[in-house]
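In what follows, residues are counted from 1 in the order of the sequence shown.
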Amino acid sequence: MPRPQNYNNQDEEYTTVAAKKLWTEEEVQILQKWYPQEGIHVEKRLPDRNRSMITQKARSLNLSAPVDNWSSTEIDILKKWYPTEGSKVTARLPGKTKNAVHAQAQRLRLTNKNRWSEAEEEIIRALYPTEGSSVADRLDGRSRESVRIHAQKIGVRRKSI
């Protein structure tokens, strides 16, 4: 088989012009066989591929990941507790990840009415003006970006230095 122009002779791999490793036939076969059953968890079988590469290739092959089926009991639990607990409801739903809970809540148009506790807001009001978004380090499970957005929403600003 002739080598394409973008063949990288140093490491004996075919790469694209953007220096991305081309998919081997074996990798494609693994993806075709296992992605419909395992979804993104097929990454365990493809150690040289990240999630983005896997989902992009799966889309190009028209492969679908399995749908996470929810029982009526699980949906009832989600409807009852998500509005007050948010993603912490995962403790009541064994086997469901925070991402799965969030996605299902979005499909059901559920919102978490108590997303930020009074204690969290007090910390933001007290410390955000001097510490900025690094206050997130003091708040369990909060990102710097979510703290920044929430501070803005409740009218708290960072003081200029």
Side-chain angles (χ1 to χ4, degrees), residues 16 18 20-21 23 27-161:
T16 65
K20 292 184 180 176
K21 182 180 170 193
W23 283 76
E27 288 175 318
V28 170
Q29 288 174 356
I30 290 170
L31 195 62
Q32 288 173 324
K33 179 176 181 179
W34 295 105
Y35 189 80
Q37 296 170 42
E38 298 177 348
I40 197 59
H41 300 294
V42 75
E43 70 185 337
K44 295 177 287 190
R45 300 175 187 277
L46 299 165
D48 295 333
R49 302 294 177 177
N50 63 37
R51 287 180 172 216
S52 177
M53 296 167 145
I54 291 169
T55 54
Q56 213 171 19
K57 188 64 174 179
R59 268 191 225 116
S60 77
L61 296 169
N62 292 321
L63 299 175
S64 298
V67 176
D68 186 13
N69 293 327
W70 285 68
S71 69
S72 59
T73 303
E74 290 170 327
I75 289 174
D76 289 343
I77 291 169
L78 192 63
K79 285 179 178 178
K80 179 177 181 180
W81 296 103
Y82 187 82
T84 56
E85 294 181 353
S87 60
K88 292 178 183 172
V89 74
T90 54
R92 300 175 186 275
L93 297 164
K96 300 295 183 190
T97 64
K98 283 185 178 185
N99 287 342
V101 164
H102 180 70
Q104 186 66 9
Q106 281 188 318
R107 283 191 285 276
L108 296 171
R109 297 195 170 150
L110 301 175
T111 57
N112 180 1
K113 294 180 180 24
N114 297 324
R115 183 170 173 153
W116 291 83
S117 70
E118 286 182 36
E120 289 174 314
E121 287 189 350
E122 285 177 27
I123 291 170
I124 290 173
R125 283 188 178 95
L127 302 175
Y128 189 86
T130 55
E131 295 183 13
S133 60
S134 64
V135 170
D137 298 340
R138 300 171 183 266
L139 301 171
D140 188 36
R142 301 294 186 185
S143 70
R144 289 176 181 237
E145 181 66 6
S146 67
V147 166
R148 185 190 65 74
I149 290 168
H150 195 69
Q152 184 179 22
K153 184 177 178 180
I154 62 174
V156 179
R157 296 188 178 191
R158 172 96 193 228
K159 289 181 182 172
S160 299
I161 298 174

| Do the side chain of Arg158 and the main chain of Thr130 share a donor and acceptor less than 3.5 angstrom apart? | yes
| query | Which distance, rounded to the nearest 0.5 Å, do you find between the CD of Gln106 and the OH of Tyr82? | reply | 7.5 Å
| remark: Closest heavy-atom pair, Ala65 versus Gly39, reported as atoms and distance to 0.1 Å, is CB-CA, 3.8 Å
| Does the distance from a Lys or Arg side-chain N to an Asp or Glu carboxylate O, for Glu85 and Arg92, drop under 4.0 Å? | yes
| request: Could you verify whether a donor N or O on one side chain and an acceptor N or O on the other, from Arg107 and Gln104, lie under 3.5 Å apart? | output: yes
| said: List the residues meeting salt bridge (Lys or Arg N to Asp or Glu O under 4.0 Å) with Glu145, not counting sequence neighbours, and say none if there are none. | reply: Arg148
| said: To check you understand the geometry: which heavy-atom pair defines the closest contact between Tyr35 and Ser64, and what is its length? | reply: CE2-C, 3.8 Å
| Taking only residues two or more places apart in sequence or in another chain, which ones pass salt bridge (Lys or Arg N to Asp or Glu O under 4.0 Å) with Lys96? | Asp68, Glu74
| note | By salt bridge (Lys or Arg N to Asp or Glu O under 4.0 Å), Asp76 pairs with (sequence neighbours left out) none
| Which is it for Leu110 and Trp81 under the side-chain contact (heavy atoms from CB on, under 4.5 Å) test, yes or no, and what are the steps along the way? | CA-CA 10 Å; Leu110 301 175; Trp81 296 103; over 6 Å; no
| Between Trp116 and Ile124, which heavy-atom pair has the shortest distance, and what is it? | CZ3-CD1, 3.7 Å
| request: Return the minimal non-hydrogen interatomic distance between Lys21 and Arg49, and the atom names on each side. | output: O-NH1, 3.1 Å
| remark: Heavy-atom nearest pair, Leu31 first then Leu63, reads O-CD1, 3.7 Å
| Exceeds 12 heavy-atom contacts within 6.0 angstrom, atom CD of Gln32 | yes
| Between Glu38 and Lys44, is there a salt bridge with N-O shorter than 4.0 Å? | no
